[in-house]
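Remarks on the structure that follows.
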Amino acid sequence: DVQLQASGGGRVQTGGSLTLSCKASGSIFRLNAVGWYRQPPGKERTLVARIFRGTLIRPISTDYADSVKGRFTISEDNARNMWHLQMNKLKPEDTAVYYCNADISTDGPYDYGKDYWGKGTLVTVSS
């Protein structure tokens, strides 16, 4: 089985910074993609940032939601199956529950992988 554990949420004032971290553990053969999504109160869950690690036919890529470009940075620690979201210049509209996500292969090189989710961590930005 695979588990994702997110950490680092909290309360911060407008303009402040927070770093979220996620660690994947369990029967992992390969992390195909890692990312962060968020769900503001009363709204749908949407992509914040994502790293696709690449294959023979598709290169490595990193995607950000337009609303966070230039403020948020996603990074990963491959050796420890961890990834992070550095959030700078936070705004009240960044308030949300943040979920880490990963596409993980568990059954060898021919397993195309499936999505796994962490439980979410709350980020509150006060004005």
Side-chain angles (χ1 to χ4, degrees):
D1 197 13
V2 173
Q3 298 85 37
L4 270 58
Q5 180 66 50
S7 61
R11 178 180 293 271
V12 65
Q13 290 188 329
T14 297
S17 298
L18 280 175
T19 300
L20 306 182
S21 297
C22 188
K23 180 173 177 59
S25 60
S27 301
I28 299 169
F29 175 78
R30 182 181 61 236
L31 296 181
N32 302 310
V34 298
W36 293 92
Y37 289 69
R38 68 185 181 186
Q39 186 167 16
K43 296 185 178 181
E44 294 183 350
R45 189 179 302 184
T46 58
L47 175 71
V48 177
R50 183 175 174 91
I51 297 173
F52 178 74
R53 289 188 168 184
T55 66
L56 291 177
I57 59 174
R58 180 182 171 184
I60 296 172
S61 62
T62 303
D63 298 311
Y64 291 93
D66 288 342
S67 59
V68 307
K69 285 180 180 177
R71 300 188 298 123
F72 290 12
T73 302
I74 186 171
S75 62
E76 55 181 342
D77 181 344
N78 296 345
R80 295 194 289 175
N81 287 337
M82 292 186 69
W83 56 104
H84 312 283
L85 185 68
Q86 174 67 44
M87 305 184 292
N88 298 325
K89 301 179 181 178
L90 283 160
K91 305 174 181 180
E93 50 264 44
D94 295 318
T95 295
V97 177
Y98 284 71
Y99 297 90
C100 59
N101 166 268
D103 184 289
I104 299 175
S105 297
T106 58
D107 294 330
Y110 302 106
D111 174 9
Y112 290 103
K114 68 176 184 179
D115 264 355
Y116 292 86
W117 293 89
K119 287 188 175 180
T121 183
L122 177 63
V123 172
T124 303
V125 185
S126 57
S127 57

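Counting heavy atoms from C-beta outward, T14 and P92 have side chains that approach closer than 4.5 Å. Contact of the W83 side chain with the I51 side chain is not registered, since no non-hydrogen atoms from C-beta on lie closer than 4.5 Å. Within the 4.5 Å cutoff, no side-chain heavy atoms of M87 are placed close to those of W36. For the pair R38/V68, a side-chain contact is recorded, criterion being any heavy-atom separation below 4.5 Å from C-beta on. Proximity of R11 to S126: side-chain heavy atoms (C-beta onward) are separated by under 4.5 Å at one or more points.
Residues T19 and Q86 have side chains that bring a donor and an acceptor to within less than 3.5 angstrom of each other.
With Y64 contributing its side chain and G70 its backbone, the two residues share no donor-acceptor pair below 3.5 Å. At least one donor-acceptor pair closer than 3.5 Å links the side chain of S105 to the backbone N or O of D111.
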- Message: Run the side chain to side chain contact (heavy atoms under 4.5 Å, CB included) test on T106 and F29 for me, step by step, so that the C-alpha distance in whole Å, both residues' side-chain angles and the decisive distance to 0.1 Å come before the verdict.
- Response: CA-CA 5 Å; T106 58; F29 175 78; 5.5 Å; no
- Message: Set out, in order, the CA-CA distance, both residues' side-chain angles and the distance that settles side chain to side chain contact (heavy atoms under 4.5 Å, CB included) for L18 and Y98, then state yes or no.
- Response: CA-CA 12 Å; L18 280 175; Y98 284 71; over 6 Å; no
- Check the pair D103 / R53 against side chain to side chain contact (heavy atoms under 4.5 Å, CB included), numbers first and verdict last. CA-CA 10 Å; D103 184 289; R53 289 188 168 184; over 6 Å; no
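Neither Y99 nor L31 shares a network with the other; the hydrophobic side chains, linked directly or stepwise wherever heavy atoms of I, L, V, M, F, W or Y lie under 4.5 Å apart, form separate groups for each. Taking hydrophobic clusters as Ile, Leu, Val, Met, Phe, Trp and Tyr residues chained together by side-chain heavy-atom distances below 4.5 Å, V34 shares a cluster with V2. Linking Ile, Leu, Val, Met, Phe, Trp and Tyr whenever their side-chain heavy atoms come within less than 4.5 Å leaves V12 and V97 in two separate clusters. Linking ILVMFWY residues whenever their side-chain heavy atoms come closer than 4.5 Å, directly or via other members, places L122 and Y37 in the same cluster. Placement of M82 and I28 in two distinct hydrophobic clusters is found when ILVMFWY residues are connected by side-chain heavy-atom separations under 4.5 Å, directly or transitively.
C100 SG to H84 NE2: the interatomic distance, rounded to the nearest 0.5 Å, is 11.5 Å. To the nearest 0.5 Å, atoms CG (D107) and NZ (K114) are separated by 9.0 Å. To the nearest 0.5 angstrom, D77 atom CG is 12.5 Å from C22 atom SG. Summarising the geometry, atom CD belonging to Q3 is positioned 11.0 Å from atom NZ belonging to K23; distances are rounded to the nearest 0.5 Å.
Using a 4.0 Å cut-off between charged side-chain N and carboxylate O, D94 and K91 make no salt bridge.
Of all heavy-atom pairs between L4 and A102, the closest is CD2-N, 3.8 Å. Between N32 and G113 the shortest heavy-atom distance is ND2-CA, 3.9 Å. When all heavy atoms of G9 and L20 are compared, the pair lying nearest together is N-CD2, 3.6 Å. In this structure, K89 and S17 approach most closely via the heavy-atom pair N-OG, 4.4 Å. The two atoms that bring R71 and L90 nearest to each other are NH1-CA, 3.9 Å, heavy atoms only.
Within a 6.0 Å sphere centred on CD of E93, heavy atoms belonging to other residues, nucleotides or ligands number more than 12.
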